[in-house]
Protein chains: 2
Amino acid sequence: MKKMTIAVDAMGGDNAPQAICEGAAQACAAFEDLEVVLTGDRERLLPLVEASPAAVRSRISIRHADEVIGMDEHPSAAIRRKRNSSLRVAMEMVRSGEAQSCVSAGNTGAIVAGGVLVVGRLPGIDRPALGAPLPTIERWTFLLDVGATVRCKPVNLYQFALMGSVYAERIMKVEAPEVRLLSNGTEEIKGDESVSGARELLSKSRLNFMGYTEGDDIAWGRSDVVVCDGFMGNVVLKFGEGLMYGAKSIISQEMGRRILPKVGMLFMIPMVKSLWSRFNYEKYGGTPLLGVKGVVIKAHGRSRAPAIKGAISAARRFIEEDGVGQIRAELDTGAGPQGESRGAQGQAEY
Amino acid sequence: MKKMTIAVDAMGGDNAPQAICEGAAQACAAFEDLEVVLTGDRERLLPLVEASPAAVRSRISIRHADEVIGMDEHPSAAIRRKRNSSLRVAMEMVRSGEAQSCVSAGNTGAIVAGGVLVVGRLPGIDRPALGAPLPTIERWTFLLDVGATVRCKPVNLYQFALMGSVYAERIMKVEAPEVRLLSNGTEEIKGDESVSGARELLSKSRLNFMGYTEGDDIAWGRSDVVVCDGFMGNVVLKFGEGLMYGAKSIISQEMGRRILPKVGMLFMIPMVKSLWSRFNYEKYGGTPLLGVKGVVIKAHGRSRAPAIKGAISAARRFIEEDGVGQIRAELDTGAGPQGESRGAQGQAEY
């Protein structure tokens with residue numbers, strides 16, 4: 001059996017390092033070919049690793065890193081300066097080939113900056129994108145960018161569409177994925193300059209591009225891939241999350257106020273559980289950073305062990321399907337416009 | 001008793017003219033000081049008006065207009081060309097002072113274009129904004145712009161914040177409303193050029209400005225006023241609406257699959273009804289167009305009679321509180337930056 005090594009930033013995220021170590025152990029229990037290297041403070045990690053089930057203990061190791069990048073640090077400054085941070089050490093392992101992927105629940109901007117500065121951009125890609133697979137009403141929708149590149153030029157959005165389409169086809173197993181651009185209306189006169197420029201590029205591409213889509217279409221899942229800039233995607237993703245948690249809290253509030261519903265709730269529990277499990281992002285955990293020369297998966301900052309396990313599974317699938325190679329191949333076909341000069345695109349936060 | 005006259009575009013919206021006429025009659029029944037002038041095709045409107053309850057019949061009249069602006073027409077072209085359209089005729093009544101307000105459920109872009117071209121911009125305002133009062137978990141949040149000005153410069157966002165603050169204080173009766181800018185993170189390094197420029201302007205203003213807010217904060221209602229460009233606001237509003245309808249549909253799906261929940265649902269009905277009525281935008285109906293010299297209220301395109309009644313009530317409150325005068329007064333205090341040259345701001349769709 002071929003081994004797979006994944007470097008996991010054990011110090012990143014609200015529940016690090018405990019939840020990270022537990023999630024790594026759960027992932028090793030699920031996948032026999034998996035080896036995890038936890039990066040971080042050896043002294044803090046050792047007791048947590050030693051608490052892992054015996055069956056997986058031999059497949060979890062520690063790579064000492066004595067610095068941590070905080071959630072509020074300036075992304076690129078931190079990734080440049082803290083050469084011995086748990087995140088940077090994990091990324092260096094991907095660059096050197098020691099690990100096939102790295103996973104982190106830490107500072108999003110630093111993960112993006114590290115992807116570009118340490119792992120490196122794919123040739124032909126001007127800016128990276130973070131993609132989020134969203135459970136919607138009709139199907140899974142892959143939304144990108146959700147926060148890597150704040151504002152985008154048409155060519156950035158075009159490249160995001162291309163990468164999203166490859167992801168949907170290879171990882172989500174959707175044939176000829178329907179790709180749409182997020183806009184403020186479906187008519188051609190809608191959109192701003194960057195969206196309408198991207199529309200033009202995409203309509204000449206080989207992608208299954210269907211034009212603009214609106215906010216409510218995301219909720220219904222009318223597309224396999226929805227493309228927008230990182231500012232918009234970030235707001236949409238967080239708004240959706242907020243509404244999900246909000247709905248939970250409101251139901252509890254209402255329950256507290258009524259007697260009859262409490263009786264009703266006994267009957268409703270299976271349904272509520274089913275809905276929650278269908279829409280709970282924690283199960284799916286990982287958002288891939290696309291456009292870099294390695295597999296980098298960002299887990300939610302609030303991740304607990306199951307979400308970390310989910311992010312590691314996403315990394316594993318990405319490696320098995322050779323997601324990076326597929327994107328590279330698609331770029332090499334020369335479909336659509338080539339990127340302009342490196343580094344001059346969009347506005348990024350690193 | 002002082003009379004109030006509101007011009008209502010009887011031909012705009014998915015359910016026009018029937019729902020519009022019914023909504024107008026409901027509003028007249030609720031407010032004794034109200035007179036409604038319906039603009040549109042007299043022959044089609046007459047039987048609908050004659051069907052109104054006798055008590056309100058004398059307060060509803062028709063102003064003939066033989067053109068209609070379709071939902072897909074180019075906004076400014078349509079408003080310029082169709083001088084005898086139901087929407088333009090209603091707006092001309094506001095300009096001439098015959099009506100204190102106009103209400104329409106028609107083409108959003110044409111309402112914005114008509115607001116600027118027919119009713120006229122307020123001196124000191126570079127671009128108008130559509131504001132939407134949202135029922136959130138903690139309180140009402142006034143979100144603007146939701147679609148009038150696609151992309152914004154800092155000064156546009158600054159002016160939106162000022163108008164939103166006046167609206168929240170006067171119409172929503174919130175003391176010292178908390179105003180935040182929608183961004184992709186709360187830290188100062190987040191945002192793009194236009195958001196960070198607006199942040200700078202706002203932090204020097206007299207408004208109760210609290211910095212950036214994120215997508216999930218909208219869901220929780222952490223602010224009284226949330227400011228963003230019309231592209232973002234439009235997507236957020238539609239996404240929220242889509243999720244609301246989606247939740248309804250999923251609950252029905254799940255109900256179909258389970259026996260026990262059906263029994264449970266009998267107990268749950270009061271709770272579901274209460275939630276629905278709390279979050280159903282149809283009750284609130286109207287989104288004001290701010291920054292023009294008159295009271296212009298846009299109703300949702302899908303409005304049925306109660307939403308039209310809601311939009312007319314919103315117009316009435318706006319007139320009573322002298323919303324336009326209040327915004328004008330706030331501008332006159334000279335707080336913050338003055339607008340730059342007219343017409344050179346942002347990107348609008350008219």
Side-chain angles (χ1 to χ4, degrees), chain A residues 72 74-75 108-109 136-137 147 150-151 182-185 187 189-193 195 214-220 228 230-232 234-247 249-251 254-255 257-258 260-271 274-275 278 347 349, chain B residues 72 74-75 108-109 136-137 147 150-151 182-185 187 189-193 195 214-220 228 230-232 234-247 249-251 254-255 257-258 260-271 274-275 278 347 349:
Chain A
D72 297 330
H74 188 285
T108 305
T136 67
I137 293 155
V150 179
R151 289 293 190 199
L182 186 56
S183 187
N184 56 332
E187 307 90 343
I189 57 162
K190 296 287 183 166
D192 66 351
E193 280 171 25
V195 167
E214 298 184 88
D216 47 351
D217 288 352
I218 306 178
W220 288 100
C228 62
F231 195 106
M232 177 74 85
N234 184 275
V235 168
V236 165
L237 188 69
K238 287 180 184 161
F239 181 49
E241 259 180 51
L243 287 178
M244 195 184 72
Y245 281 102
S249 129
I250 283 176
I251 287 174
E254 289 279 330
M255 292 282 295
R257 285 219 302 268
R258 294 164 189 278
L260 276 179
K262 282 197 183 157
V263 180
M265 195 44 110
L266 292 176
F267 297 99
M268 298 295 283
I269 287 172
M271 172 174 144
S274 136
L275 286 176
R278 183 163 153 198
Q347 257 184 290
E349 58 190 12
Chain B
D72 298 331
H74 188 284
T108 306
T136 68
I137 293 156
V150 179
R151 288 293 189 199
L182 186 55
S183 187
N184 56 333
E187 307 90 342
I189 57 162
K190 297 287 184 166
D192 65 353
E193 281 170 25
V195 167
E214 298 184 272
D216 47 352
D217 287 351
I218 306 178
W220 288 101
C228 61
F231 195 105
M232 177 75 85
N234 183 276
V235 168
V236 164
L237 188 69
K238 287 180 184 162
F239 181 50
E241 257 180 53
L243 286 178
M244 195 184 72
Y245 281 103
S249 131
I250 283 176
I251 287 174
E254 289 280 329
M255 293 281 296
R257 284 219 302 267
R258 294 162 189 278
L260 276 180
K262 281 196 185 158
V263 179
M265 195 44 109
L266 293 177
F267 297 99
M268 298 294 281
I269 286 172
M271 172 173 144
S274 137
L275 285 177
R278 181 162 156 197
Q347 256 183 289
E349 58 189 12

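Just so we're clear, the structure is a prediction, and the values are computed from it rather than from any experiment. A note on names: the letters A, B, ... follow the listed sequences, proteins ahead of strands, and every chain is numbered from 1.
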Side chain to side chain contact (heavy atoms under 4.5 Å, CB included) partners of L243(B), counting only residues at least two apart: A219(A), L243(A), F239(B)
Check whether N234(B) gets within reach of chain A through its side chain, its backbone, both or neither, counting any heavy atom under 4.5 Å. side chain
Most contacts with chain A, counted as non-hydrogen pairs under 4.5 angstrom, among G185(B), G215(B), G242(B): G215(B)
Option in V195(A), L182(A), D72(A), L237(A) with maximal non-hydrogen atom pairs under 4.5 Å from chain B: L182(A)
When you compare the side chain of V235(A) with that of E214(B), does any pair of heavy atoms fall below 4.5 Å? no
According to side-chain hydrogen bond (donor to acceptor under 3.5 Å, both in side chains), who are the partners of D217(A), at least two apart in sequence or on a separate chain? T213(A), R222(A)
Between CG on residue D192(A) and CZ on residue R151(B), distance to nearest 0.5 Å: 4.0 Å
